[in-house]
There are 2 protein chains.
Amino acid sequence: MDRLMQSIKIGINEKIYVKDPESSDLGKRIVEQSILMIDEMGFESFTFRKLGDRINSNESSIYRYFENKHKLLLYLTSWYWGWLEYKMVFATNSISEPHIKLKKAIEVLTQTVKEDISFSHVNEILLNKIVINEYSKSYLTKEVDQENKEGYFVIYKRLVNRLQEIIIAVDKDYPYPSSLASTVLEGSLHQYFLREHFPKLTDCNASVTPTQYFTDLVFRALNHNDNG
Amino acid sequence: MDRLMQSIKIGINEKIYVKDPESSDLGKRIVEQSILMIDEMGFESFTFRKLGDRINSNESSIYRYFENKHKLLLYLTSWYWGWLEYKMVFATNSISEPHIKLKKAIEVLTQTVKEDISFSHVNEILLNKIVINEYSKSYLTKEVDQENKEGYFVIYKRLVNRLQEIIIAVDKDYPYPSSLASTVLEGSLHQYFLREHFPKLTDCNASVTPTQYFTDLVFRALNHNDNG
DNA sequence: TCAAATTTAATAGTATTACTATCATATATT
DNA sequence: AATATATGATAGTAATACTATTAAATTTGA
């Protein structure tokens with residue numbers, strides 16, 4: 001998988017960036033170091049000025065790649081979802097049995113990232129942490145409808161739809177496949193957050209994973225013959 | 001219910017405010033108008049200066065009630081969860097049948113607020129919208145552990161725990177009652193958001209409510225004798 | 001390989017935000 | 001009426017989120 005993914009470029013809506021950060025060394029450093037910094041200090045405290053200092057570049061140069069830090073967050077999270085989508089499709093593509101396919105899909109989508117240095121300048125482990133802590137902020141805005149119209153969330157939407165289709169293949173009569181798919185994806189991020197900060201509000205802990213919880217939940221919800 | 005609730009004061013952690021906004025006319029106007037303004041312009045664009053202008057008061061006077069707008073958001077959302085908790089306990093208290101109690105609890109917790117002018121200066125309908133759009137921002141911060149330690153989230157945590165206990169009463173062997181409870185509360189806000197902004201990602205629409213989806217999901221997940 | 005084009009860096013500047021400080025005035029309490 | 005307290009007005013600071021301009025470095029391509 002490593003070698004394969006090295007040659008794949010995740011296609012991100014061109015309107016999200018001013019200049020493609022993949023097209024230059026500076027661009028890659030912006031992406032690489034912004035991930036480290038947002039993880040360290042949180043999205044609110046992160047600024048382009050601080051990033052410029054850190055990468056020995058200039059604030060104004062960063063603005064030539066991204067209009068503002070919100071767009072940068074959209075870029076990073078789109079990248080993450082595109083990467084997860086790729087992993088999910090890759091892992092489930094060859095599986096024909098619907099319930100095994102669904103089990104695998106949930107597994108890939110709700111697992112934490114352990115290690116994946118396929119793309120040199122993107123640290124997927126930290127990016128996963130950023131998505132848990134910051135993704136909601138990218139859409140809980142007054143501009144969400146406009147930005148959605150411009151296609152800034154297509155990758156995420158496609159991913160939810162893929163999961164929904166896999167759910168339907170297991171139980172075509174289940175009445176809420178879209179809601180269940182979106183609940184799994186969003187709820188998984190939430191359970192990871194709770195495990196870290198509000199352990200009383202979750203059953204997930206060192207030995208129980210969000211993957212186990214959601215696998216169990218989804219298969220209880222669906223009518224199926226074999227629990228995989 | 002109206003008259004009863006008029007005499008109830010929702011107990012909010014005193015560390016959240018500098019001076020209790022319930023203790024003065026200015027304090028009440030701060031709460032009242034901040035709800036309107038955050039709904040109108042979103043939490044990011046909302047500032048104490050703008051609020052001061054709107055209520056014909058001064059920025060510095062508002063700082064005498066709340067340290068910053070983050071604390072004000074914590075206050076408003078705590079108020080909301082306290083109010084919902086009250087409604088939930090009130091509605092389920094007299095029910096002895098566990099599955100009917102659970103059904104009622106989910107109903108109260110996942111329903112949109114239609115109209116409830118029990119507390120004169122708090123518009124619960126708008127507050128519900130604010131919680132949907134802004135609540136996550138109150139805890140997705142680098143300070144969450146410290147603020148949690150100081151008790152800023154007690155009401156919400158108590159509410160999740162209450163729901164979890166009601167779930168256990170229906171099926172004491174279900175392995176993930178806390179996660180299911182937190183999924184219902186958080187997921188419900190999310191489904192409302194999706195219904196409004198990403199209709200393709202949910203089955204909730206004009207005729208299907210998040211309440212129906214979650215009621216169905218929870219009862220599918222639990223082993224029980226009667227679906228109510 | 002030299003000139004032109006492009007990219008990046010450095011500096012400065014603006015409007016706004018998120019406060020803090022000070023002092024005056026209005027209102028309530030005793 | 002004296003005192004305390006709450007509020008208002010004004011000013012000020014450091015940081016943020018940019019934009020603009022110009023200079024220097026690097027790339028490109030003829």
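Note on naming: letters A, B, ... go to the chains in the order of the sequence lines (proteins, then strands), and numbering restarts at 1 for each one.
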*Select base, sugar-phosphate, or nothing to describe what D25(B) touches, counting heavy atoms under 4.0 Å on all strands.*
nothing

*Check the angle between the aromatic planes of Y139(A) and F193(B) and answer parallel, tilted or perpendicular using the 30° and 60° thresholds.*
tilted

*Quickly work out the D20(B) CG to dA6(D) P distance and round it to whole Å.*
12 Å

Set out, line by line, the N/O atom pairs under 3.5 Å between protein and nucleotides 16-20 of chain D.
unit_1: dC18(D); atom_1: O5'; unit_2: Y63(A); atom_2: OH; d: 3.1
unit_1: dC18(D); atom_1: N4; unit_2: E59(A); atom_2: OE1; d: 3.2

*On the ring face of F198(B), is K157(A) found with NZ or CZ under 6.0 Å from the centre and within 45° of the axis?*
no

*Does a donor on one side chain sit under 3.5 Å from an acceptor on the other, for E107(A) and T215(A)?*
no

_With sequence neighbours excluded, residues passing ring pair (Phe, Tyr, Trp, His ring centres under 6.0 Å) with Y152(B)_ = none

_From CG of D53(A) over to P of dA9(C), roughly how many Å is that when rounded to an integer?_
12 Å

*Kindly say if Y65(A) contacts the phosphate of dT8(C), meaning a side-chain N or O under 4.0 Å from OP1 or OP2.*
yes

*K15(B) side-chain N/O to E147(B) backbone N/O, donor-acceptor pair under 3.5 Å*: no

*Between atom CD1 in I30(A) and atom P in dT7(C), what is the gap in whole Å?*
13 Å

_Is the phosphate of dA10(C) approached by S61(A) (side-chain N or O, under 4.0 Å from OP1 or OP2)?_
no

*Compare side-chain N and O positions of S57(B) against OP1 and OP2 of dT7(D) and report whether any pair is under 4.0 Å apart.*
no

_Set of ring pair (Phe, Tyr, Trp, His ring centres under 6.0 Å) partners for Y80(B), sequence neighbours left out_ = W83(B)

*With sequence neighbours left out, what residues match T110(B) under side chain to side chain donor-acceptor pair (under 3.5 Å)?*
T211(B)

*Determine: side-chain N/O of K19(B) to OP1/OP2 of dT5(D), distance under 4.0 Å, yes or no.*
no

_On a heavy-atom basis, which atom in I55(B) and which in L26(B) lie closest, and how many Å separate them?_
CD1-CD1, 4.0 Å

*Name all residues meeting the side chain to side chain donor-acceptor pair (under 3.5 Å) criterion together with S136(B); count only those two or more places apart in sequence or in a different chain, and write none if there are none.*
none

*Select base, sugar-phosphate, or nothing to describe what F66(B) touches, counting heavy atoms under 4.0 Å on all strands.*
nothing

Polar atom pairs between nucleotides 23-30 of chain C and protein, under 3.5 Å, N or O only, would you list them?
none

